[in-house]
Protein chains: 2
Amino acid sequence: MNIGEIARRAKVSRSTVSYALSGKRPVSEATRLRIQQVIDEIGYQPNASARALARGETRALGLVFPPASTHYTEMQLEFLGGVVEAAAVRDYDILMSRTGAGEDRSFQRLVGERRVDGVILMEIRLQDPRVERMRETAFPFVTIGRVADPEGTAWVDLDHQGLIRHCVQHLAELGHERIVFVNRSEGLIRLGYESARRGQDGFDLAVEEFGLTGTSYSCGDDAASGEACVQRILSDDPGTTGIVTMNEAALGGIYRGLAHAGRKVPHDMSISGIAGSRWAEAVTPALTAADVPAHEMGRIAIDLLLERISDPSAAPRHQLLTPPISLRASTAPAARRTV
Amino acid sequence: MNIGEIARRAKVSRSTVSYALSGKRPVSEATRLRIQQVIDEIGYQPNASARALARGETRALGLVFPPASTHYTEMQLEFLGGVVEAAAVRDYDILMSRTGAGEDRSFQRLVGERRVDGVILMEIRLQDPRVERMRETAFPFVTIGRVADPEGTAWVDLDHQGLIRHCVQHLAELGHERIVFVNRSEGLIRLGYESARRGQDGFDLAVEEFGLTGTSYSCGDDAASGEACVQRILSDDPGTTGIVTMNEAALGGIYRGLAHAGRKVPHDMSISGIAGSRWAEAVTPALTAADVPAHEMGRIAIDLLLERISDPSAAPRHQLLTPPISLRASTAPAARRTV
DNA sequence: TTGAAAGCGCTACCAA
DNA sequence: TTGGTAGCGCTTTCAA
C-alpha cells in the first residue's frame, strides 16, 4: 500500500495526496475529504524509510548508553523513561545504542548511516572522545553530564559538586566530624567519569570548608562491594560517624555491612547522598538524599537536542540542576563522644 | 557523501560500488581495492534510510513497553539490556516504544509506518489486544510473557505458576503453615497481567496441594505500598510466618513494615519470591528467590523474533523458563509454635 | 567482470 | 487548486 494507490483510488495525483497529508499546500476541502476517506478505508500509513529519504530527516533520536558491565541504576532507568516519553510526545522515536567509550559499530550505525537526527550521550567523562568526535562532525547532540570544557555543547547535568557539598554540610551541621565519601568504582573514577570526579571535588572542598576529617573510598556498583567497603571504613577509622555516597547500587551493601558491624543507622552512623527518590525510599531506613529528577532530565535532554536539530546555528544551551536534599531517616545528630 | 561520489572517484559504476560493499556479486580484486581505498579516504557510510527503502527492511526492531505509571523494575532494565546487546551483535537497532495497551501513535509509527522489521511486546496480558492485532496483520512479533492462548505466537516466558508453587513448597518444607502471597497491584491484576495472574494461580494451587492456609494480597509497586501491605497482613493474621511475593518494587517496604512491627526476617517471618538476582542480593537480608534470567530472556526474545522475520512461514517457537530458587538469607524454619 | 537503468515510496519544485 | 516529475541514495535486474 503506497501513496500511488491512494492517489489512484481518490482520482488525484500523488502530489496532491502528499500535500493533503502534510498540509504544506492548500487542498480543497472536497478532495481532502475524498483522500481521507480512501486512506481510512485502506488503512494507509506512509512508509517511514521513504519519507526519511525524501525529507532528509528520520524523526528518530539516538540514546547512547554504556554497556551493562557498568550496572544500570534506577536513575538511568528513570532517565530513559523521561527521554522516551518526551520524544514520543514530539513524534520522535528513540533508538538505543549500547556503546563503550570508543569507536563502535552500533554508534557508527546511528550517526554514520544517519539513522537518527541527533543523539543523546550518557555517562560522560571529563575528557570524552565521543564528544570530541561529535563536535567535529557537527552532528546534533546533547550530553547528560558535561565534559571538562563544555563550551559550545548542549548539556543537562546535576551539580554533583554542589550536591555532595550540601550532603557534607548537612552532616557537619548535625555535628559529625569524621566522615567518609563512598564514590563509585575505581575504574569509573580512573576513566574520568564526570559525576564521580566532580562529586569527589565537592567532597574534598567541603571537608576543607567545614573543617572536617574526610576520607574517600571507591566502591564497586553492587551490594557486595558496598559491604566490603564498610568493613574497610570501620577498620580504618572506627570513629567514623557519617557517610556520603553517590553509589546507589552499593547502598544496600553499605546498610548490610553496618548492620553486621552492629552499627545502627542513623544512631551510630548517618548516611546521605545522591539517589533516585524511589530508591531512597525503598531502603530502610529511607535515605536522606538529593533526589535526582531523572525523568525531568530526560525531558530536558530531548528539548535541548531538538533545539540543536531545528537550529544548528544557535548557541547551544545547557541546564545545571541542583535538587534539594530530602530529609529522610538515615541521618541524625552525631552521638556525644565519650572520651 | 553518497555512492555516486564514491563511484566517480573510483571510476566505476554505482552498481559496482554497491556490489563491492555487499559482496553479492563478484568484483575483481583490483577494483574492490580501489573502491575500498576511496571509501576509507572519504569515510563513506551508506545511508540507512535509502538502504531500507531499496531493500525493504530497516534492520531495526521495536521494543514495546508500557508507560512509566507501571514502575519499571530492575528486571525490566536487565531485560532491556539483554535485548539491546543481542540485537547489536546481529546488527539490528532497537527502537523504543512506550505504549499503553490500546492503539497508540507511537505503536502505529513503529509497525504501521514500517520503521521496524518486527517487534517485541512486553508486559503481556492474558487477553492482549496488541497481540490480536499483530496476529491479524502478520507482522513479525514475539511476546515476553504469553497470552492465554499463545498458540501460533512466538514467546519467551517465566513459568510464574511453577515458580510461585516452588516458593510455597519451599516454605512448606520449612514448616510454615500460614502464609500469604503479595502479588502486584490490583490494577495490574484486574487488567489481566499474565505474570500476576499465573503467579496467583500457582499460589492458589500450591496452597491447596501442600495443605496450607494461604491468603493473597495485591500491592502497589512501591515501598510505601509494601509497608502498608505488611500492616494489613499482620493485623489480618498475626500468625502468618511466611510471605511469597512477585512484587520486587514493594519488597523494601515489606522489609521495613516487618521491622517496624518488630518481626525479624527470617526468624519471625520467612520471605521468598521471584526477583532479579541483583535486587535479591541488595536487600538485607538477601532474598531467597527464583532468579529471573532477564538478560538471557532478552537474548532469547531477539533470537525468536529474528527467526520470525527470516522465515515467517515456519512454526513460531517459544521458551518457558524455570530458573531454580537461590537460597539466601530470608527464609528459615518456622518457629515452634507455643500453644 | 562491469555498466546502465529501473525501481523502492515519498517530497517538493515547476507549471498550469 | 491541482498535476507532472525530478530527485532522495541505494539495490538489483538486464545487458554487454
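- Other residues, nucleotides and ligands contribute over 12 non-hydrogen atoms within 6.0 Å of the CD atom of A:Glu29.
- When the side-chain nitrogen and oxygen atoms of A:Lys24 are compared with OP1 and OP2 of C:dA12, one or more of them lie within a distance under 4.0 Å.
- As judged by a 4.0 angstrom heavy-atom cut-off over every strand, A:Ser28 is placed among residues touching the sugar-phosphate backbone only.
- Contact check, A:Thr16 against D:dG3: a side-chain N or O comes under 4.0 Å of OP1 or OP2.
- OP1 or OP2 of D:dG9 has not a single side-chain nitrogen or oxygen of B:Asn47 nearer than 4.0 Å.
- Across all strands, A:Ser49 comes closer than 4.0 Å to no nucleic acid atom at all (heavy-atom distances).
- Contact check, A:Arg51 against C:dT11: a side-chain N or O comes under 4.0 Å of OP1 or OP2.
- Applying the 4.0 Å criterion to OP1 and OP2 of C:dG3, one finds that B:Ser15 has every side-chain N and O outside that range.
- Applying the side-chain contact (heavy atoms from CB on, under 4.5 Å) test between A:Leu61 and each of A:Ile309, A:Val142, A:Val84, A:Leu110 identifies A:Ile309 as the sole match.
- Rounded to whole angstrom, the span from the CD atom of A:Glu57 across to the C1' atom of C:dC10 amounts to 13 Å.
- The 12-atom threshold is exceeded at CD of B:Glu5, counting heavy atoms of other residues, nucleotides or ligands nearer than 6.0 Å.
- For the pair A:Ile6 CD1 and C:dT11 P, the interatomic distance rounds to 12 Å; values are reported in whole Å.
- Between A:Arg55 atom CZ and D:dG7 atom C1' the separation is 16 Å, expressed in whole Å.
- Note: CZ (B:Arg25) to C1' (D:dA15) measures 11 Å, nearest angstrom.
- In this structure, the nucleotide among C:dA12, D:dG7, C:dG3 sitting nearest to the side chain of B:Val12 is C:dG3.
- The residue among A:Val27 and A:Arg14 whose nearest nucleotide of DNA chain D is located toward the 5' end is A:Val27.
- The environment of CZ in A:Arg114 is sparse: at most 12 heavy-atom neighbours from other residues, nucleotides or ligands sit within 6.0 Å.
- In this structure, B:Ser22 does not reach the D:dT11 phosphate: none of its side-chain N or O atoms is under 4.0 Å from OP1 or OP2.
- What separates CG of B:Leu53 from P of C:dT11 is a distance of 12 Å, to the nearest Å.
- The interatomic distance linking A:Lys11 (NZ) with D:dT2 (C1') rounds to 16 Å, in whole Å.
- A:Ile3 has its CD1 atom 14 Å from the C1' atom of D:dT5, to the nearest Å.
- Look at OH on A:Tyr19: it is 14 Å from P on D:dT1, rounded to the nearest Å.
- Between B:Arg135 and B:Glu132, at least one side-chain N (NZ, or NE/NH1/NH2) sits under 4.0 Å from a carboxylate O, which counts as a salt bridge.
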